[in-house]
Structure formats: C-alpha cells, structure tokens
2 protein chains.
Amino acid sequence: MSIVTWNVNSLKVRFPHLETMIKDCSPDVICLQETKTEDANFPLADIENLDYFASYHGQKTYNGVAILSRERVHEVQFGIPNFEDNQARVVAATSSTGTRIINVYVPNGEAVDSEKYVYKLSWFRAFIEYVRSTAKTYSSIIILGDFNIAPRGEDVYDPEAFHEKLLCSDQERTLFEELLGLGFLDAFHERTESSERFTWWDYRMNAFRRKLGLRIDHILMTESEFNRCAEVKILKEFRKMERPSDHAPVMATFM
Amino acid sequence: MSIVTWNVNSLKVRFPHLETMIKDCSPDVICLQETKTEDANFPLADIENLDYFASYHGQKTYNGVAILSRERVHEVQFGIPNFEDNQARVVAATSSTGTRIINVYVPNGEAVDSEKYVYKLSWFRAFIEYVRSTAKTYSSIIILGDFNIAPRGEDVYDPEAFHEKLLCSDQERTLFEELLGLGFLDAFHERTESSERFTWWDYRMNAFRRKLGLRIDHILMTESEFNRCAEVKILKEFRKMERPSDHAPVMATFM
DNA sequence: GCTCCTTAAG
DNA sequence: CTTAAGGAGC
C-alpha cells in the first residue's frame with residue numbers, strides 16, 4: 001500500500017507527469033493540490049483510463065484538490081465543515097481499509113503580516129479543529145498535502161535567512177506542532193535520515209539547480225499507520241523533468 | 001528570381017515554418033507581415049543564419065513588417081512618408097536590380113462602419129497617394145502584402161454572404177481598383193486559372209478544412225515586371241502544417 | 001519562472 | 001481559434 005501527495009500546479013499541464021508517476025510508482029492513493037481545474041473540466045475520463053477513481057473539488061485559476069484511488073473511497077467530504085471558505089483546499093475520504101485520508105492545500109500566506117497571512121493562520125486554526133473532531137471518529141488517519149509550512153530549521157536551505165519569514169514563522173510552526181499534538185507523526189521526519197529533505201523549489205532564480213529548497217509538503221499519520229509505514233520518499237526526479245511542477249511528489253509506503 | 005509575401009501572424013511562433021518555406025522555395029525576397037515583434041527582439045541573427053538580409057519595422061503585439069532578401073537592398077523606407085501613423089505597416093526597399101518593393105499590411109477594418117473601417121479607408125487612400133508618387137520615380141515596382149481586401153466575388157468562398165461585408169465592400173474594392181489604375185496588375189488574378197484562389201482562412205470554425213477562404217494577400221506589379229512574371233502560386237501547404245499562420249504564403253516567380 | 005485569466009485583435 | 005500583453009498568485 002502506498003500513498004502520494006503532490007502539488008501539481010495545474011493538473012492540465014502536469015497530466016503527462018502524473019501519468020509517468022503512475023507508471024513508475026502505481027500508488028494506491030494520490031492526493032493532488034493546485035489542480036486549478038473547475039469540476040466541469042476535471043479530466044475524469046483520463047484519470048479513469050489510468051484505473052483510478054477520483055474525488056475532486058476545484059475552481060479555476062487557484063487551488064483545487066483531488067484524491068485519486070485504486071479502490072473506491074467513501075464518506076467523501078469537501079472543505080472544512082462549518083467553516084465558510086470559497087477556496088477549494090480540502091478533500092477527505094475514507095479508504096476501503098477504513099483509514100481517513102485528509103488531502104489539504106494550506107493557504108500560502110503571501111508574507112508575514114499581510115492580510116493573507118492572517119487568513120492563513122485562521123484557516124489553519126479551523127483546520128486543526130476539524131482534524132481534532134475527525135480524530136474523535138477515526139482511529140486511523142493520514143493527513144497529507146501542501147502545508148506551506150517548513151516545520152524546522154533543517155527543512156529550509158538557509159534557516160537564518162528564513163527566520164520569522166513566511167513558511168517558517170513561529171506562529172506557523174507552533175500551529176503545525178499543535179496539529180501534530182493531536183496524535184500525528186510527521187512521517188518523513190521520523191522515518192528518514194536523508195539530508196535531502198526538500199519538497200519544493202521556487203521556479204525563480206534557478207532554485208532547483210542550486211539546491212535552494214524547502215520541505216513544505218508533508219504526510220502526517222496516526223501512530224497506528226506510522227507503525228505500518230515502511231518508508232517515506234521524496235520523488236525528486238519529477239522536479240527535474242521538462243516543465244515540472246515546483247513541488248516534488250512525496251510517497252509513503254506501508255507494510 | 002522569386003518573391004514571396006506572407007502574413008506570418010507572429011514571426012516568433014512561425015519561425016520554424018519560415019525556415020521550412022526557405023528550404024523548400026529559397027525565394028530571393030520575402031515580405032512578412034504581422035511579425036508582432038519589436039525591433040529590439042527581431043531575430044536578426046537567425047535570419048542572417050538563413051542567408052538573408054533583413055529590413056524590419058515592428059512593434060509589440062500588433063502589425064510589424066519585414067523584407068528579407070538574398071541580396072542587399074537600398075533606399076529602405078518605413079511607413080508612408082508624410083503620413084502620421086503609429087502602426088508598423090509598410091516597408092519599402094529597392095532591390096539590387098532596381099525594382100522598388102513595397103511590403104504592406106493594410107488595416108483590417110474590424111467591420112464596415114466601425115471606426116477602424118474609417119481608419120482603413122483613409123489609411124489606404126494615403127497609401128495610394130504614396131504609390132502614385134513612388135510610380136513617378138520608379139518604373140519597376142512590386143507591391144505585395146496583406147491588403148485585407150478580396151477584390152472580386154470569386155475571391156470569396158461565399159460572395160453573396162460577403163456582399164458589402166468587411167474585406168469585400170464596394171468602398172474597399174473601389175480603392176483597390178484605384179490602386180491598380182496607377183499601372184499595376186494583380187499578378188495572381190492575371191496569371192492563374194486555378195479555382196484555388198484563397199490565401200487566408202479564419203482560424204475559427206474549421207474554415208480551412210471546410211475550404212472557407214478568401215484571397216486577400218496580393219502581389220501587384222508594373223507591366224515591366226508582369227511581362228517577366230512566369231507564375232504566381234499560393235503555397236497552401238503552409239496552412240496545413242501544425243500551428244500554422246492563418247495566411248498562406250504567395251510566391252511570384254520571374255524569368 | 002510558471003500558470004492562469006482577461007482583454008484585445010484578427 | 002490563435003496570438004500576445006498584463007496582472008495575480010505563488
């Protein structure tokens with residue numbers, strides 16, 4: 001059993017990359033962010049041709065999330081319940097084995113102290129409450145996606161330069177810790193020794209070539225899942241391709 | 001000796017098509033319209049690599065004309081002298097054999113009775129006066145380009161439907177006749193029997209596949225040149241290519 | 001940088 | 001339908 005999270009930055013543009021990833025890895029579940037596709041234009045037939053079911057929730061230009069799965073999922077839920085939000089950032093579903101999967105695209109926040117940063121914090125607080133209530137119903141949960149938070153200094157190519165900067169501020173990191181405190185493990189961090197930790201490299205300034213990345217895409221899981229989790233890998237080769245997403249996929253494999 | 005006119009609808013996008021045309025036809029002179037390239041971005045080195053000199057006059061987004069030539073040309077002139085116009089629509093030059101070449105991109109006119117139609121008519125009147133004065137100095141002249149006028153019913157796929165419509169209105173056709181009256185022959189019309197007369201097919205509604213075209217790109221010449229003109233061909237195959245211009249090149253060959 | 005949308009022009 | 005610009009967002 002394996003599960004992937006990938007911010008594709010346009011599903012339409014990245015469809016060939018997704019096909020390659022599926023041929024190479026054949027994950028059981030794929031959580032996509034930034035599909036940037038209205039539901040009416042979602043490439044459902046193409047996804048089905050690749051032998052996946054799809055639960056998707058999108059809008060044009062911005063955001064958009066989807067869960068692709070080999071097996072049919074159930075209890076599909078879009079957005080954060082009881083939280084007004086016109087942005088398509090969350091889709092949750094229960095796998096055939098009963099694991100609750102929450103696919104999330106946390107707001108970027110633009111810059112510390114911007115209006116969007118305030119929105120990011122309040123959005124993430126609402127998300128934490130949603131997870132807290134989910135944890136009352138499900139014992140086995142995987143939360144994965146683009147969190148737009150680099151949890152620790154080692155998750156940033158230049159921790160000094162990023163001190164209190166967006167993606168790294170104390171407020172963001174404290175909220176991330178609060179989420180983990182609900183009973184989740186940051187699986188890559190706990191399972192992987194590698195110093196190659198980054199999942200995102202800015203398109204600008206040759207950041208990828210220069211190895212200037214951050215780790216902002218995460219797979220969090222309850223202890224039950226973590227005990228079965230054999231490996232978490234960052235599929236960096238997909239950031240090397242022609243016309244890549246700025247994010248690499250992250251894959252967790254279970255026993 | 002051969003000369004080509006081609007509205008490329010972006011020189012940048014159509015550069016590979018231009019290369020193919022040059023390999024296939026190797027014209028001595030190529031007159032381009034709608035290069036849509038500022039002079040600073042004109043691909044001069046690439047043109048020189050193809051063994052052409054270039055006289056160009058462009059702007060971003062719209063218009064832009066260029067004369068490419070195997071031999072150096074002289075007396076290069078941009079625009080209509082003494083006519084204020086911020087649109088790059090005319091370049092003229094004298095060939096090594098003394099023929100005056102006028103490359104023109106006539107305003108489209110949007111729709112009969114629009115403001116742009118009024119501009120088109122006054123622009124074309126100024127152009128006629130310019131040609132009249134040129135004819136006093138040069139005995140051998142070729143005017144070629146996108147005239148945005150279909151001179152006769154047979155130049156339109158549905159003459160009835162286009163009655164008094166843009167590109168076919170009496171006012172436009174009368175001005176075209178007035179230009180010919182200065183001593184020019186519409187070489188394709190005079191030299192070619194073929195019923196395949198069209199040079200432009202709208203990108204929309206599969207116009208090319210459905211053979212819904214117009215003849216709006218012309219090569220006009222003084223009698224001296226016409227007597228040497230062996231053939232005028234519409235290079236329709238370039239409209240069949242991948243990512244084509246909406247116009248086909250038109251080529252005149254001289255003895 | 002890269003993606004998207006909108007607008008403008010044809 | 002195709003092109004290009006301009007602006008937002010990341």
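All of these numbers come straight from a predicted model, not from anything done at the bench. To find a chain, count down the sequence lines: A is the first, B the second, and so on, and within it residues start at 1.
Counting only residues at least two apart or in different chains, side-chain hydrogen bond (donor to acceptor under 3.5 Å, both in side chains) contacts with residues 159-169 of chain A comprise A/Tyr117-A/Ser169, A/Ser169-A/Glu172.
Of all the heavy atoms in A/Ser55 and A/Phe78, the pair that sits closest is C-CE2, 4.3 Å.
In this view, A/Ala126 and A/Ile80, A/Phe83 satisfy the side chain to side chain contact (heavy atoms under 4.5 Å, CB included) rule, not counting sequence neighbours. Scored by the side chain to side chain contact (heavy atoms under 4.5 Å, CB included) test, A/Ser195 finds no partners at all (sequence neighbours excluded). Residues satisfying the side chain to side chain contact (heavy atoms under 4.5 Å, CB included) criterion with A/Pro151, sequence neighbours excluded, are A/Asp155, A/Phe176, A/Asp186, A/Arg215, A/His218. Taking A/Asp113 as the reference, nothing meets the side chain to side chain contact (heavy atoms under 4.5 Å, CB included) condition, with sequence neighbours excluded. Qualifying side chain to side chain donor-acceptor pair (under 3.5 Å) partners for A/Lys236, counting only residues two or more places apart in sequence or in other chains: A/Glu196.
Near-neighbour residues of DNA chain C inside residues 59-67 of chain A, defined by a heavy atom below 4.0 Å, number-ordered: A/Lys60, A/Thr61.
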Report all side-chain donor-acceptor pairs from residues 59-67 of chain A shorter than 3.5 Å, counting only partners two or more places apart or in another chain.
| from | atom 1 | to | atom 2 | distance (Å) |
| --- | --- | --- | --- | --- |
| A/Gln59 | OE1 | A/Asn63 | ND2 | 3.3 |
| A/Gln59 | OE1 | A/Ala88 | N | 2.6 |
| A/Asn63 | OD1 | A/Arg89 | NH2 | 3.3 |

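Comparing A/Asp202 and A/Leu11 by the nucleotide of DNA chain C whose heavy atom lies nearest to each, the residue mapping closer to the 5' end is A/Asp202. When each of B/Asp146 and A/Asn206 is assigned the nucleotide of DNA chain C bearing its nearest heavy atom, the one mapping closer to the 5' terminus is A/Asn206.
Remark: C1' of C/dC4 and NZ of A/Lys36 are 6 Å apart, rounded to the nearest angstrom. As rounded to whole Å, 14 Å separates atom C1' of C/dC4 from atom CG of A/Asp246. Across the protein-nucleic acid pair, A/His17 atom NE2 and C/dC2 atom C1' stand 12 Å apart, rounded to whole Å. For B/Glu115 and C/dG10, the CD to P distance is 13 Å, given to the nearest whole Å. Protein atom NE2 of A/His247 is 13 Å distant from nucleotide atom P of C/dT3, rounded to whole Å. Nucleotide C/dC2 holds its C1' atom 16 Å from the CE atom of A/Met241, rounded to whole Å. The interatomic distance linking A/Met205 (CE) with C/dG1 (C1') rounds to 12 Å, in whole Å. For A/Glu34 and C/dC4, the CD to P distance is 11 Å, given to the nearest whole Å.
Note: B/Trp6 and B/Phe238 meet the aromatic proximity criterion, with ring centroids under 6.0 Å apart.
Taking every nucleotide of DNA chain D with any atom under 4.0 Å from a non-hydrogen atom of chain A, the first and last of them, 5' to 3', are D/dG9 to D/dC10.
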